[in-house]
Amino acid sequence: MSEPTSLQAKRLLERASRVLSTANPLDAGLGRLVDEALPLEPGDPRYRGHPEPFAAKFSELATRKLAFGIEPGGPLATADYRIAEGTDAIRRLVRGNMGPEAESWLLARSEEARGSGYGAGSWGASIGASFDEGGLHEAAVSYEWGPSLMDSLPAPLYRVSRTAMELLPGLRPSFSTIHVGRSTGSQQLTFEMSNALSLAALEPLMHELGLGHHHGSLMTACAFVLGSRFVLPPGVATITLRPTRVGLEFRLDVDLDRLPDVPEPLAPLLQLQMSARPRSMREWGQWLAAVSQEGYERPGSFSVLSIIVRPDLPARIALHLRPAAIEGPPSDEEEGERAPAWAGPESAGAWR
């Protein structure tokens, strides 16, 4: 009989925290959430839905961090449960690690999303957290789009969101994420693309948002990693806008599970894209080692590729990894469909 999926995920977090020299997330009381998120056998196809019940995350913008996402209650839970449990879990985490003022800010920002009319779509809510050597670095909760979400957004996010929808046909709001750090908080809005997305078509929008000078780096990075693909099929891409203290963050996400003909293996292309940034390369190799589990030939499969730009920063890479222990042994058919993760080196709100 195979080991419970949740036990393997918790073992991954423990190992990764040692390799990356971060605090152990399980010491922050997240073990129960992992248990609830992964109630099914390894390899169950419901683990490949959106949002993923459990995913490890890498970002060039947050190296030396152990970051992951969890779907409260897992694939069997209702949307209402995920909203209630996700909000409560992040509230407890924020209060215990960042204090009551941060908790109050979180509850004020999420009040509209917790109201009626949300979660009627499909998934409701998901949560995320990242840890460093000092403990909890950031907590986040994402809420599915609701009927009055737009009007509840902070003014800077509202303005750029309206601009995006006016300039890019096929863009529609999907969910909003509230981030809570040690001294600041921020909110972002993620849009689905119902149409095919030409990377070249992003230039007018990025120019209007003050990011036109980075359009070339975003297009080059995305097309290079995806094997000279300059057009993304309908339903594959999302765009996220996040006002920060250093300017607007623009993120293009690619759902690799939905994208046909993903280059295999993907890791060498990612390494080449980061090769001019030695620190990123070192952190990338250490992260891959941290999320590799004993008894598996590979860390897992990449499920989401992100390309991020800011006014002060050209394209940077971020990724979601579905760990091998959750996927289970691949079938012959699946072996050729996944994006395997091997072939790698071993306006913001503030409360103080």
Side-chain angles (χ1 to χ4, degrees), residues 50-52 55 57 59-61 69 113 121 123 126 128 140 142-146 149-150 153-154 156-179 186-226 229-244 246-259 302-320 347-348:
H50 175 79
E52 296 170 294
K57 299 181 180 182
S59 173
E60 286 192 82
L61 301 183
W123 54 272
S126 63
S142 299
Y143 295 103
E144 192 175 10
W145 175 258
L149 175 60
M150 183 65 75
L153 296 176
L157 181 55
Y158 178 88
R159 287 194 296 269
V160 296
S161 297
R162 296 298 306 180
T163 299
M165 289 189 289
E166 291 168 2
L167 292 180
L168 198 59
L171 205 63
R172 59 188 185 197
S174 179
F175 61 93
S176 181
T177 302
I178 300 167
H179 297 263
S186 64
Q187 188 169 357
Q188 66 189 39
L189 185 59
T190 297
F191 300 87
E192 295 177 328
M193 272 300 302
S194 58
N195 300 340
L197 175 64
S198 165
L199 299 181
L202 292 173
E203 185 173 13
L205 171 59
M206 294 181 67
H207 178 78
E208 186 67 23
L209 296 176
L211 297 167
H213 56 301
H214 289 321
H215 173 257
S217 72
L218 180 144
M219 186 166 67
T220 299
C222 185
F224 179 82
V225 173
L226 296 180
R229 186 189 294 268
F230 289 89
V231 178
L232 300 172
V236 167
T238 63
I239 290 173
T240 298
L241 303 176
R242 179 186 182 186
T244 73
V246 294
L248 182 68
E249 182 179 281
F250 182 103
R251 191 181 81 221
L252 171 66
D253 289 343
V254 181
D255 187 336
L256 298 175
D257 287 335
R258 296 182 179 179
L259 184 68
F302 297 126
S303 56
V304 177
L305 167 69
S306 302
I307 313 294
I308 305 167
V309 299
R310 294 191 319 232
D312 63 330
L313 200 67
R316 293 294 185 265
I317 298 291
L319 291 150
H320 291 193
S347 169

- Item | Step-by-step side chain to side chain contact (heavy atoms under 4.5 Å, CB included) determination, Phe250 to Leu205 | CA-CA 10 Å; Phe250 182 103; Leu205 171 59; 4.1 Å; yes
- Take Val304 and Leu319, measure what side chain to side chain contact (heavy atoms under 4.5 Å, CB included) needs, and give me the verdict at the end. CA-CA 6 Å; Val304 177; Leu319 291 150; over 6 Å; no
- Query: Are Gln187 and Ser176 close enough, and set up right, to give a side-chain hydrogen bond (donor to acceptor under 3.5 Å, both in side chains), and what steps lead you there?
  - Reply: CA-CA 7 Å; Gln187 188 169 357; Ser176 181; 2.9 Å; yes
- Message: Working note: Thr240 + Glu249, criterion side chain to side chain contact (heavy atoms under 4.5 Å, CB included); need CA distance, chi angles, decisive distance, verdict.
- Response: CA-CA 8 Å; Thr240 298; Glu249 182 179 281; over 6 Å; no
- Message: Working note: Leu202 + Ile239, criterion side chain to side chain contact (heavy atoms under 4.5 Å, CB included); need CA distance, chi angles, decisive distance, verdict.
- Response: CA-CA 10 Å; Leu202 292 173; Ile239 290 173; 3.6 Å; yes
- Query: Could you walk me through whether Gln188 and His179 pass the side-chain hydrogen bond (donor to acceptor under 3.5 Å, both in side chains) check?
  - Reply: CA-CA 8 Å; Gln188 66 189 39; His179 297 263; 2.8 Å; yes
- Task: Applying side-chain hydrogen bond (donor to acceptor under 3.5 Å, both in side chains), run through Thr244 and Arg310 and close with a yes or a no.
- Result: CA-CA 9 Å; Thr244 73; Arg310 294 191 319 232; 5.3 Å; no
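Separating the CG atom in Leu252 from the CE atom in Met193 is a distance of 10.0 Å, to the nearest 0.5 Å. Interatomic distance, Ile308 CD1 to Leu218 CG, rounded to the nearest 0.5 Å: 10.0 Å. To the nearest 0.5 angstrom, Glu192 atom CD is 9.5 Å from Leu171 atom CG. Note that CD of Glu52 and CG of Asp257 are 6.5 Å apart. Values are rounded to the nearest 0.5 Å. Rounding to the nearest 0.5 Å places CD of Glu166 at 9.0 Å from CD of Glu208. Atom CG of Leu189 and atom CZ of Phe175 lie 9.0 Å apart (nearest 0.5 Å).
Residues Gly69 and Lys57 share a closest heavy-atom pair of N-CE, 3.8 Å. Of all heavy-atom pairs between Ala237 and Leu232, the closest is CB-CD1, 3.8 Å. When all heavy atoms of Pro311 and His213 are compared, the pair lying nearest together is O-NE2, 3.1 Å. Nearest heavy atoms, Ala201 versus Pro204: O-CD, 3.4 Å. Nearest heavy-atom pair, Leu248 versus Pro243, reported as atom, atom and distance to 0.1 Å: CD1-N, 3.7 Å. Nearest heavy-atom pair, Cys222 versus Val254, reported as atom, atom and distance to 0.1 Å: SG-CG2, 4.3 Å.
The closest side-chain heavy-atom distance from Leu168 to Phe191 is not below 4.5 Å. Taking 4.5 Å as the limit, every side-chain heavy atom of Val231 sits out of range of all side-chain heavy atoms of Leu197. Counting only heavy atoms from C-beta outward, the side chains of Met165 and Met150 approach each other to under 4.5 Å. With contacts defined as side-chain heavy-atom distances shorter than 4.5 Å, the pair Trp145/Pro173 qualifies. Within the 4.5 Å cutoff, the side chain of Ser59 has no heavy atoms near those of the Arg316 side chain. Using a 4.5 Å heavy-atom threshold, the side chains of Leu305 and Asp253 count as separate. Between Ser194 and Pro234 the shortest side-chain heavy-atom distance does not fall below 4.5 Å.
Between the side chain of Ser217 and the main chain of His214, a donor-acceptor pair closer than 3.5 Å is present. Counting only distance, with no hydrogens or angles, the side chain of His320 and the backbone of Asp255 share no donor-acceptor pair below 3.5 Å.
For Arg229, there are no salt bridge (charged side-chain N to carboxylate O under 4.0 Å, His left out) partners two or more places apart in sequence or in a different chain.
The number of heavy-atom neighbours closer than 6.0 Å to NE2 of His207, taken from other residues, nucleotides and ligands shown, is 12 or below.
Residue pairs satisfying the salt bridge (charged side-chain N to carboxylate O under 4.0 Å, His left out) criterion with at least one member in residues 211-223, sequence neighbours excluded, are absent.
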